[in-house]
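Structure first, then comments.
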Amino acid sequence: MAGNYLSDIHNTNYEDDYLKIKLNSDNLINITGRETESLNGRWNFGADWYDTCRRAKWFKEIRSNHEGELQPLDWDWEAWDRIKVPAAWNTERKELSYFEGSGIYTRTFRYIRRRKDERLFLRFEGSAYRTSVFLNKTFIGTHDGASTPFNVDISDIAEIDNRIVITVDARRSPERIPMDNTDWYNYGGIYRDVLLVRTPKIHIKDWFIRLAPDSGYSKIRADISVSGKEDEDITGTVRLTIKELNIDADIPVVNGTARSDITVKENMLNLWSPENPKLYDAAIYFGDDIVFDRIGFREIRVSGHEILLNGKKIFLKGICVHEDHHLLGKNTNEDVIRSTIRDLKELNGNYLRLAHYPHDMRFARIADEEGVLLWEEIPVYWAVAFNNPDTYADAENQLSELVLRDRNRASVILWSVGNENADTEDRYAFMSNLVKKARELDDSRLVSAACLLDHKELVIRDRLADNLDVIGINEYYGWYDPDFEKLPKILSNSNPGKPVLICEFGACARSGQRGTEHDLFTEDKQKKLYEQQIAVFRKCKFIAGITPWILYDFRCPRRLHRYQEGYNRKGLIDADRKTRKLAFYTLQNFYKEI
């Protein structure tokens, strides 16, 4: 009989309702330099194995039927145990170590307006993977992507006392970015900050301040957007000040946007570099709103086989790093980030590849201060669904949110749109469009991808390379392919016409495991491979930098060898982030010589 069933049991398409309102880069506001209020702390949490909160609409808190009779409930917010936010749930409870379902977070908060026309935004810095937001029994929207920020305007829904309910779905899926098959641990939950952000009704939404291209380091370009209600055309004047550069400029705003190239007095601008990480304090004003940022000015470009920083050739002395900690999981903090940078500098390095997804926003800000160059990427990893329009939309949105978040950071010199993808027609179209999007959002950086080699013809060959500023290649000769002599042949056979970065090479070594240079999983074998690789790199003119795989051992459930035990052991430092392996010092000496 029609209607004579429980929709939460029989409706297999229940999730469609929660995909009608997408929280994406169109909604994103830049919160750098803004006052925020943290919602971090202890939240009530339930492991919702069957996603019943969304199926049965628990967030509506319907406690009685149409006749007013109380109903038995399957949820009890305040009786649930509490869990830490931010944190990956995998590290918070032993029984959730490999949980990949849907988790429910809930708490209350009090909100008192400070001004009549105030706007209130709810901000998430990272929540893995599909996050649906409910406030005061109302569905707000859904965000896809584990590692990029998103926010939602809750001004019209927030009350003095508020109940917030968040469902986070950590399932792996072939249609998601990344796909279901990866080489790292699938952490779930709200693992980065949750914030409240207050702005005036008409507020500064975003800004992008950098050297004007081809200006000879004499002009600064500012793009600033102002936002309010959709039905309003915003005009007026935005003011930009950088006192140390004697900049105090009024820029006209037309339809919510402003652009100006501002001339800097000769010899006044101190360019940012690893040796001189100079940052300038900038302030932007519009109406009752003001935001602050600290910005470094530098130029990164390519010329032939060389990468030029501020017009000078630079070799990128790097290492890859995962956002994985033996105690914190995918969560991090300022101390961990600064410790990572200290380890890089102990290697005599100047560059990090932040693999394989956007890392915490604090990383680029601290790298700005410390003078470290960064490659940042999105997890278009291995065999994603390149022919699926929804998968592309997910990838483009994650790229957009990353670029918008970090394009004012001088330390970030490379956007990567993917890693180790087979060269198919669908993949070529997919990633070519991502390259275009990166350039559309940012005209001041290089675009790359970690490409595959032609292992049959032994040459650097990937159609995507023609669209990239820098070619990244991953190769594991001497490890996965024992025939190391293929590597010098590939380099000798290739003439890429642009810089090449060796994004990955390496070998697994269990810390403390010794043997001959031919014994797999020993520090001796790893050290020998580094010596062989470095000897080849020295002879190749078009290699502009390297990031061996990897700085620290990290969790990976697919690694089940007796010397791995659930970890990828290619780190130069053990998972304890203290114990150095022999190859650490081999790379350290190479970088010291350059």
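Residue numbers start at 1 and run along the sequence shown.
Using a 4.5 Å cut-off on side-chain heavy atoms (C-beta onward), Phe45 and Arg82 make no contact. Within the 4.5 Å cutoff, the side chain of Glu100 has heavy atoms near those of the Arg172 side chain. Looking at Trp184 and His356, their side chains come closer than 4.5 Å, going by heavy atoms from C-beta outward. Between Gln533 and Leu529, the closest side-chain pair of non-hydrogen atoms falls below 4.5 Å. Residues Asp144 and Asn397 are not in side-chain contact: their nearest non-hydrogen atoms beyond the backbone lie 4.5 Å or more apart. Contact annotation: the side chain of Asn350 approaches that of Ile314 to within less than 4.5 Å [non-hydrogen atoms, C-beta and beyond]. Annotation: side chain of Phe386 is in contact with side chain of Met431 (closest heavy-atom distance under 4.5 Å). A heavy-atom distance below 4.5 Å is found between the side chains of Leu572 and Gln526.
Within the 3.5 Å criterion, the main-chain N or O of Arg514 finds no donor-acceptor partner in the side chain of Asp519. A donor-acceptor contact shorter than 3.5 Å links the side chain of Tyr280 to the backbone of Asn270. Side-chain N or O atoms of Arg176 include none that pairs as donor or acceptor with a backbone N or O of Tyr129 at under 3.5 Å. Formation of a donor-acceptor pair under 3.5 Å by the Arg210 side chain with backbone atoms of Phe208 is found in this model. In this structure, Arg445 contributes its side chain and Arg407 its backbone to a donor-acceptor pair below 3.5 Å. Looking only at distances, no side-chain donor or acceptor of Lys528 sits under 3.5 Å from a matching main-chain atom of His518. Using a distance-only test at 3.5 Å, with no hydrogens or angles considered, a donor-acceptor pair links the side chain of Arg555 to the main chain of His325. Arg294 places no side-chain N or O within 3.5 Å of a backbone atom of Leu279 that could act as its donor or acceptor partner. Side-chain atoms of Gln588 never come within 3.5 Å of backbone atoms of Asn348 as a donor-acceptor pair (strictly under, hydrogens ignored). Put simply, the side chain of Arg558 gets close to the backbone of Thr182: a donor and an acceptor are under 3.5 Å apart.
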Item to complete: Could you walk me through whether Phe124 and His143 pass the ring-ring contact (aromatic ring centres under 6.0 Å, His included) test, one step at a time?
Response: CA-CA 10 Å; Phe124 295 80; His143 178 266; 8.7 Å; no
Worksheet item: Can you check side chain to side chain contact (heavy atoms under 4.5 Å, CB included) on Phe430 and Thr391, steps first, answer last?
Response: CA-CA 10 Å; Phe430 189 108; Thr391 303; 4.3 Å; yes
Discussion item. Using the rule given for side chain to side chain contact (heavy atoms under 4.5 Å, CB included), can you reason through Leu352 versus Ile319, listing the C-alpha separation, both sets of side-chain angles and the distance that settles it, and then say yes or no?
Written reply: CA-CA 5 Å; Leu352 283 169; Ile319 190 83; 3.4 Å; yes
Practice prompt. Step by step, work out the side chain to side chain contact (heavy atoms under 4.5 Å, CB included) result for Asn24 and Phe150.
Written response: CA-CA 6 Å; Asn24 54 35; Phe150 62 98; over 6 Å; no
Worksheet entry | Worked verdict on Trp479 versus Phe505 for ring-ring contact (aromatic ring centres under 6.0 Å, His included) | CA-CA 9 Å; Trp479 186 246; Phe505 73 88; over 10 Å; no
Worksheet entry | Criterion side chain to side chain donor-acceptor pair (under 3.5 Å) on Tyr187 and Asp324, from CA distance to verdict | CA-CA 9 Å; Tyr187 290 106; Asp324 184 284; 2.8 Å; yes
Worksheet item: Under the side chain to side chain donor-acceptor pair (under 3.5 Å) criterion, do Trp415 and Asp442 qualify, and how do the steps go?
Response: CA-CA 10 Å; Trp415 304 122; Asp442 183 4; 2.8 Å; yes
Item to complete: Could you give me the CA-CA distance, side-chain angles and deciding distance for Asn419 and Arg353, then say whether side chain to side chain donor-acceptor pair (under 3.5 Å) is met?
Response: CA-CA 12 Å; Asn419 181 78; Arg353 179 188 179 200; 2.8 Å; yes
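A salt bridge links Arg338 and Glu369; the closest N-O separation between the charged side-chain nitrogens and carboxylate oxygens is under 4.0 Å. Between Arg130 and Asp394, none of the side-chain N atoms (NZ, or NE/NH1/NH2) sits under 4.0 Å from a carboxylate O, so this pair counts as no salt bridge. Glu370 has a carboxylate O that lies under 4.0 Å from a charged side-chain N of Lys345, or vice versa, which qualifies the two as a salt bridge. Contact check on Arg580 versus Glu346 returns a salt bridge, with a Lys/Arg side-chain nitrogen under 4.0 Å from an Asp/Glu carboxylate oxygen. Remark: Arg405 does not engage Glu401 in a salt bridge, criterion side-chain N to carboxylate O under 4.0 Å. Between Arg365 and Asp406 there is a salt bridge, with a side-chain nitrogen of the basic residue lying less than 4.0 Å from a carboxylate oxygen of the acidic one. Ion pairing between a basic and an acidic side chain is recognised when a charged N comes within 4.0 Å of a carboxylate O; Lys578 and Asp576 show no such pairing. Remark: Asp553 does not engage Arg559 in a salt bridge, criterion side-chain N to carboxylate O under 4.0 Å. Lys486 has a carboxylate O that lies under 4.0 Å from a charged side-chain N of Asp481, or vice versa, which qualifies the two as a salt bridge.
Minimum heavy-atom separation, Ile177 to Pro379: CG2-O, 3.3 Å. Closest of all the heavy-atom pairs between Asp293 and Arg409 is OD1-NH2, 2.9 Å. Pro86 and Asp193 make their closest contact through CG-OD1, 3.7 Å (heavy atoms, listed as atom of the first residue, atom of the second, distance). Of all heavy-atom pairs between Leu414 and Ser448, the closest is CD2-CB, 3.9 Å. Nearest approach of Tyr357 to Lys330, heavy atoms of both residues: CE1-NZ, 2.9 Å. Pairing each heavy atom of Ile29 with each of Asn151, the nearest pair is N-OD1, 3.1 Å.
At most 12 non-hydrogen atoms from other residues, nucleotides or ligands lie less than 6.0 angstrom from NZ of Lys84. Counting heavy-atom neighbours within 6.0 Å of Lys527 NZ, excluding the residue itself, gives a total of 12 or less.
For the atom pair CG (Leu316) and OH (Tyr591), the distance works out to 9.0 Å, reported to the nearest 0.5 Å. In this structure, Cys508 SG and Tyr567 OH are separated by 14.0 Å, a value rounded to the nearest 0.5 Å. Taken from CD in Gln513 to CG in Asp524, the straight-line distance is 9.5 Å, to the nearest 0.5 Å. Note that CH2 of Trp375 and CD1 of Ile413 are 10.0 Å apart. Values are rounded to the nearest 0.5 Å. Within the model, atoms CD1 of Ile490 and CD of Glu485 stand 11.5 Å from one another, a figure rounded to the nearest 0.5 Å.
Using modelled atom types and a 3.5 Å distance limit, the side chains of Asp51 and Ser102 yield a donor-acceptor pair.
The side-chain contact (heavy atoms from CB on, under 4.5 Å) test with Tyr105 singles out one residue from Ile83, Ile164, Thr131, and that residue is Ile83. Each of Asp368, Thr340, Thr332 was checked for a side-chain contact (heavy atoms from CB on, under 4.5 Å) with Phe363, and the lone residue meeting it is Thr340.
Taking the six-membered ring where the residue is Trp, Phe590 and Phe315 present perpendicular rings, their angle passing 60° and hence far from 30°. Taking the six-membered ring where tryptophan is involved, the planes of His322 and Phe554 are tilted, since the angle between them lies from 30° to 60°.
Residues passing the side-chain hydrogen bond (donor to acceptor under 3.5 Å, both in side chains) test with Ser147, sequence neighbours excluded: Tyr191.
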